[in-house]
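Here is the structure we will look at.
Hydrogens, waters and symmetry mates are skipped; everything else that's a heavy atom, side chains included, is used. We count ligands from 1, going down the list as the structure has it; atoms in each ligand are counted the same way. As the structure is a prediction and not an experimental result, all values here were calculated from the model.
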Amino acid sequence: MFDLSESDLRLRVLGCGDGPAAFNATLSRRGGKVVSLDPIYVFDTAQIRRRIAETYETVLAQLRENKNDYVWESIRSVQELGLIRMAAMEEFLVDYETGKEEGRYISGELPMLPFADGSFDLALSSHFLFLYSNQLTEAFHLQALKEMLRAAHEVRVFPLLALDGKRSVHLDFVTKQLESLGYHIGIKRVTYEFQRGGNEMLTIRSS
Ligand SMILES: C[S@@+](CC[C@H](N)C(=O)[O-])C[C@H]1O[C@@H](n2cnc3c(N)ncnc32)[C@H](O)[C@@H]1O
């Protein structure tokens, strides 16, 4: 999703809206420095586990219904996707309490971040900004990205599509605004594509 190189993985990374994903657990295990922020981290392991179990069938049913909106190549079926997701969430759940104690899982919500300026080298957002363009305004997107750029030197966002599979209606506005503030903007094709057409990330750098 983010075209992360070995040297990227040595940076101080902030994941915004990481949810119950395995990225933090995996990177921490291999010695990386990563902090994840999400409103669901206000809950404990049992509460998150229960919520995952409650929503599992609904999520898979929605995927089955909209099967043509996704690319079934590296993942071949809805059932396989379900198994991969559950394994990733289990990896998260096993790591969660320790990670919270170590300050790697922080409860919080964009567009505000509870971190000092320049605390991170790289801030990431996957499947949150742009994806919910019909629910979150352009002002929210701009404020959230500025806040991520305050906390980190570089920001990457994936994908650039909204839930309807169309390119986010906020993309032009936020990139123009950030360019006018002097940030360097790039749109880069990446190898990961699951949501059909969702194979680009936005990069924003302060220098
Ligand atoms: C679709 S999930 C994506 C999870 C993960 N990043 C991934 O790609 O699999 C969206 C996540 O955004 C989180 N979220 C919702 N509102 C948020 C906010 N204001 N700031 C940060 N994260 C938020 C949700 O709790 C959820 O975990």
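- Using a 30° and 60° split on the angle between ring planes, Phe92 and Tyr41 fall in the parallel class, below 30°.
- Sparse packing is recorded around CD of Gln79, with 12 or fewer heavy atoms of other residues, nucleotides or ligands lying under 6.0 Å away.
- In terms of modelled atom types and a separation under 3.5 Å, the side chain of Arg104 and the main chain of Ser36 share no donor-acceptor contact.
- A salt bridge between Glu147 and Arg150 is present, with a side-chain N of the basic residue lying under 4.0 Å from a carboxylate O of the acidic one.
- Partners of Glu6 by side-chain hydrogen bond (donor to acceptor under 3.5 Å, both in side chains), not counting sequence neighbours, listed by chain and number: Arg30.
- Ion pair Asp69/Arg196 not flagged as a salt bridge, since none of the NZ, NE, NH1 or NH2 atoms sits closer than 4.0 Å to an Asp/Glu carboxylate oxygen.
- In this structure, ligand 1 sits under 4.0 Å from heavy atoms belonging to Gly17, Asp18, Gly19, Asp38, Pro39, Ile40, Glu109, Leu110, Ser126, His127, Phe128, Tyr132.
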